[in-house]
Amino acid sequence: MPSYVVTGASRGLGFEFLRQLSEDPAAIVIGLVRNKDATEKKVSSEIGRSNIHILHGDLEDYKSLKKAAEDTAKITGGSVDYIIANGAYLSESSAYLTLTDLGENPENLEEEFTRAFKTNVIGNVHLFNLFLPLVRKGEAKKVISISTGISDYDLVREIEFDMSGPYTTSKAALNLAVAEFNGQFRSEGILFFSISPGVVATDGQTNSTKNLSERELQSAQKMFGKFAKYAPHFKGPITPEESVKSVLSVIYNASLERGDGGSFVSHLGTRQWL
Ligand SMILES: NC(=O)c1ccc[n+]([C@@H]2O[C@H](COP(=O)([O-])OP(=O)(O)OC[C@H]3O[C@@H](n4cnc5c(N)ncnc54)[C@H](OP(=O)(O)O)[C@@H]3O)[C@@H](O)[C@H]2O)c1
């Protein structure tokens with residue numbers, strides 16, 4: 001009876017993880033969200049499976065994560081097989097701004113960096129620490145961080161990527177934290193690693209391209225041009241369904257024995273990000 005905890009399960013990729021994971025009637029799927037009532041309604045109307053449990057869990061609120069770990073233990077009997085750390089602050093307002101653009105409004109720059117690091121780095125480190133006792137008792141012992149290709153140092157250099165700084169640097173910090181967790185826990189047989197889901201048509205992705213200023217629009221076009229040059233086969237965002245299917249296949253395939261501990265790969269299971 002595999003058990004899963006997925007953060008940021010209210011929409012986008014997180015909600016799609018709930019849908020695909022709950023297809024196995026033996027699975028226990030726990031979604032952590034900020035808006036429990038609304039998500040429960042959405043799960044019941046759009047998925048309608050009793051093996052999905054929704055708990056309150058805000059990555060900016062340690063107490064809510066602690067309570068979610070306690071409630072998860074009650075549902076599963078004290079263990080968890082897979083943690084999928086998917087929730088993130090995507091920082092729509094700075095998606096197409098360079099660090100220099102952002103610097104024109106220093107207060108906003110500080111707010112964006114603080115929020116991105118609080119949610120994406122500190123929130124996930126708390127999440128991993130709080131759920132570790134449950135993962136230790138699980139069978140699969142896999143902790144997966146959903147990252148982004150644009151936090152890969154080599155890709156950023158290769159395509160001269162120059163925007164979304166608060167988001168990309170927070171995800172790069174998270175990748176490193178995941179590698180450190182691997183350093184600490186691989187001897188206990190716990191696999192920590194990071195996966196980029198590709199460019200996916202979710203709210204997070206499409207909202208960032210709405211209501212753009214002329215300058216941001218030009219940056220967005222420049223970015224998609226760089227993606228096209230990097231991966232000439234790239235035709236635009238994939239669906240959440242395709243992305244989650246690929247990511248799950250990478251998750252199931254990964255193991256400490258294969259050398260995946262602390263690694264950072266794409267939804268293709270490689271360092272090809274698109
Ligand atoms: N879509 C892409 O192209 C893409 C590309 C690369 C990486 N990713 C990564 O994939 C993951 C999912 O992205 P997505 O595209 O599905 O984004 P999305 O549609 O914007 O969904 C983001 C999710 O994160 C949740 N969240 C935000 N702040 C949170 C907090 N403080 N505590 C708990 N949950 C919080 C949101 O909950 P609310 O509903 O409460 O806001 C929502 O469920 C993220 O880690 C993202 O970085 C996505």
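With contacts defined as side-chain heavy-atom distances shorter than 4.5 Å, the pair Leu256/Asn182 qualifies. Contact check for Val29 versus Phe17: no side-chain heavy atoms found under the 4.5 Å cut-off. Between Val143 and Phe185 the shortest side-chain heavy-atom distance does not fall below 4.5 Å. Looking only at side-chain heavy atoms (C-beta outward), Ser246 and Ile238 stay at 4.5 Å or farther from each other. Proximity of Glu40 to Val33: side-chain heavy atoms (C-beta onward) are nowhere separated by under 4.5 Å.
Following chains of ILVMFWY side-chain contacts shorter than 4.5 Å, one cannot reach Leu176 starting from Val121, and the two form parts of different hydrophobic clusters. Both Leu132 and Val80 are members of a single hydrophobic cluster when ILVMFWY side chains are connected at heavy-atom separations under 4.5 Å. Linking ILVMFWY residues whenever their side-chain heavy atoms come closer than 4.5 Å, directly or via other members, places Ile159 and Tyr167 in the same cluster.
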### Message
Could you go through Lys222 and Asp162, starting from their C-alpha distance and side-chain angles, then the distance that decides it, and tell me whether this counts as salt bridge (charged side-chain N to carboxylate O under 4.0 Å, His left out)?
### Response
CA-CA 10 Å; Lys222 206 169 90 185; Asp162 62 358; 3.6 Å; yes
### Task
Start with the C-alpha distance between Arg271 and Glu158, add both sets of side-chain angles, then the distance that settles salt bridge (charged side-chain N to carboxylate O under 4.0 Å, His left out), and finish with yes or no.
CA-CA 13 Å; Arg271 306 274 298 178; Glu158 183 181 336; over 6 Å; no
### Query
Can you check salt bridge (charged side-chain N to carboxylate O under 4.0 Å, His left out) on Lys245 and Glu242, steps first, answer last?
CA-CA 5 Å; Lys245 202 166 165 228; Glu242 282 175 274; over 6 Å; no
### Query
Could you walk me through whether Glu70 and Lys66 pass the salt bridge (charged side-chain N to carboxylate O under 4.0 Å, His left out) check?
CA-CA 6 Å; Glu70 289 160 7; Lys66 190 165 185 288; 3.4 Å; yes
### Task
Show your reasoning for whether ring pair (Phe, Tyr, Trp, His ring centres under 6.0 Å) applies to Phe224 and Phe227.
CA-CA 5 Å; Phe224 278 102; Phe227 285 173; 5.8 Å; yes
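Using the six-membered ring where Trp is involved, His126 and Tyr62 have ring planes that are perpendicular, over 60° apart on the 30 and 60° scheme. Using the six-membered ring where Trp is involved, Tyr82 and Tyr252 have ring planes that are perpendicular, over 60° apart on the 30 and 60° scheme. Between Phe192 and Phe181, the two ring planes are parallel [angle under 30°; tilted spans 30° to 60°].
Side chain to side chain, Glu112 and Tyr89 meet the donor-acceptor criterion of an N or O pair below 3.5 Å.
The closest donor-acceptor contact from the side chain of Lys42 to the backbone of Ile47 lies at 3.5 Å or more, if one exists at all. Here the side chain of Gln20 pairs a donor or acceptor atom with the backbone of Glu241 at under 3.5 angstrom. Side chain of Asn51 to main chain of Ser22: a donor-acceptor pair is present (N/O by atom type, distance under 3.5 Å, no hydrogens or angles). A donor-acceptor pair is defined here as one N or O able to donate and one able to accept, closer than 3.5 Å; no such pair exists between the side chain of Ser64 and the backbone of His56. Using a distance-only test at 3.5 Å, with no hydrogens or angles considered, no donor-acceptor pair links the side chain of Thr202 to the main chain of Gly12. Judged purely by atom type and a 3.5 angstrom limit, Asn35 has no side-chain atom pairing as donor or acceptor with the backbone of Ser10.
Test Ile84, Leu59, Leu55 against Leu32 for side chain to side chain contact (heavy atoms under 4.5 Å, CB included) and you get one pass: Leu55. A side chain to side chain contact (heavy atoms under 4.5 Å, CB included) with Ser3 holds for exactly one of Thr76, Ile83, Leu21; it is Thr76.
The CZ atom of Phe161 lies 7.5 Å from the NZ atom of Lys226; values are rounded to the nearest 0.5 Å.
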